[in-house]
Amino acid sequence: MRQKLTASQWAILVLGAGLMISLITNLYLFQQRNAPLPHLRGTYCTNASLPGGVYLIFDGQGRFCRYTQTEGVLDDGTCQDLGEGRYTLRSEEGRGFGAVQNRDGVYLFDGEEQDVSFFPKLKEFGGAYMLFGIPGEYPDWLRPPA
């Protein structure tokens with residue numbers, strides 16, 4: 001005949017199952033937190049659904065470009081990796097920015113306007129940048145190869 005579990009035995013089983021679930025969850029979160037950040041290269045945008053959205057492009061070779069579809073190129077310059085997802089950006093005109101990358105995008109700190117903007121990363125399209133029709137000239141490094 002089968003023996004019934006007592007209340008204390010049930011409590012031990014429930015606590016054991018809870019501890020196992022907690023351990024698995026903590027291991028998963030630890031792995032996610034310590035996983036390397038995705039490569040910075042790509043296109044980011046503050047609001048891609050509106051024409052007034054600001055776009056930010058990193059080439060992964062130390063260059064960046066910030067533009068809008070209505071105003072054209074706002075800034076173009078160099079990007080220096082400081083490690084741990086932190087970057088310093090300097091435009092050709094000498095304007096300075098700070099950037100912090102996370103898994104979803106980039107926070108851009110504008111030193112002149114004392115403003116912080118979040119740029120979610122747009123969907124990857126192979127090795128190409130998502131350069132939309134913008135007025136005026138844009139940097140040579142963004143031009144598609146002939």
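Numbering starts at 1 and runs along the sequence shown.
Leu74 is listed as a side-chain neighbour of Thr68, based on a closest heavy-atom distance under 4.5 Å. Phe109 has its side chain out of reach of Asp115: every pair of non-hydrogen atoms, C-beta onward, lies at least 4.5 Å apart. A 4.5 Å side-chain heavy-atom check between Leu40 and Tyr87 finds at least one atom pair inside the cut-off. Here the side chains of Thr88 and Asp81 are not in contact, with every heavy-atom distance at 4.5 Å or above. Annotation: side chain of Phe118 is not in contact with side chain of Val106 (no heavy-atom distance under 4.5 Å).
In plain terms, the two heavy atoms of Ala99 and Leu89 that are nearest each other are CB-CD1, 3.8 Å. Here the closest non-hydrogen pair linking Asp76 and Phe64 is OD1-O, 3.0 Å.
The hydrophobic clustering, which links ILVMFWY residues whose side-chain heavy atoms are closer than 4.5 Å, places Val54 and Leu56 together.
Atom CD of Gln31 has more than 12 neighbouring heavy atoms from other residues, nucleotides or ligands inside a 6.0 Å radius. The 12-atom threshold is not exceeded at CD of Gln114, counting heavy atoms of other residues, nucleotides or ligands nearer than 6.0 Å.
A salt bridge is absent between Arg66 and Glu71; no separation between the charged side-chain nitrogens and carboxylate oxygens falls under 4.0 Å.
Here the CG-OG distance, from Leu13 to Ser8, works out to 10.0 Å after rounding to the nearest 0.5 Å. Note that NE2 of His39 and CZ of Arg41 are 8.0 Å apart. Values are rounded to the nearest 0.5 Å.
Aromatic pair Tyr44/Phe58: centroids less than 6.0 angstrom apart.
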Between Arg95 and Asp110, is the salt bridge (Lys or Arg N to Asp or Glu O under 4.0 Å) condition met? List the steps.
CA-CA 9 Å; Arg95 187 170 179 185; Asp110 187 340; 2.4 Å; yes
Using the side-chain contact (heavy atoms from CB on, under 4.5 Å) rule, take Tyr67 and Asp75 through it: C-alpha gap first, then chi angles, then the decisive distance, then the call.
CA-CA 7 Å; Tyr67 74 92; Asp75 298 289; over 6 Å; no
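Exactly one residue among Leu122, Val73, Asn47 makes a side chain to side chain contact (heavy atoms under 4.5 Å, CB included) with Tyr55. That residue is Leu122.
A donor-acceptor pair is defined here as one N or O able to donate and one able to accept, closer than 3.5 Å; no such pair exists between the side chain of Lys121 and the backbone of Cys45. Between the side chain of Ser22 and the backbone N or O of Gly18, no donor-acceptor pair lies under 3.5 Å. Side-chain atoms of Asn26 never come within 3.5 Å of backbone atoms of Leu29 as a donor-acceptor pair (strictly under, hydrogens ignored).
Between the side chains of Tyr107 and Gln101, no donor-acceptor pair of N or O atoms lies under 3.5 Å.
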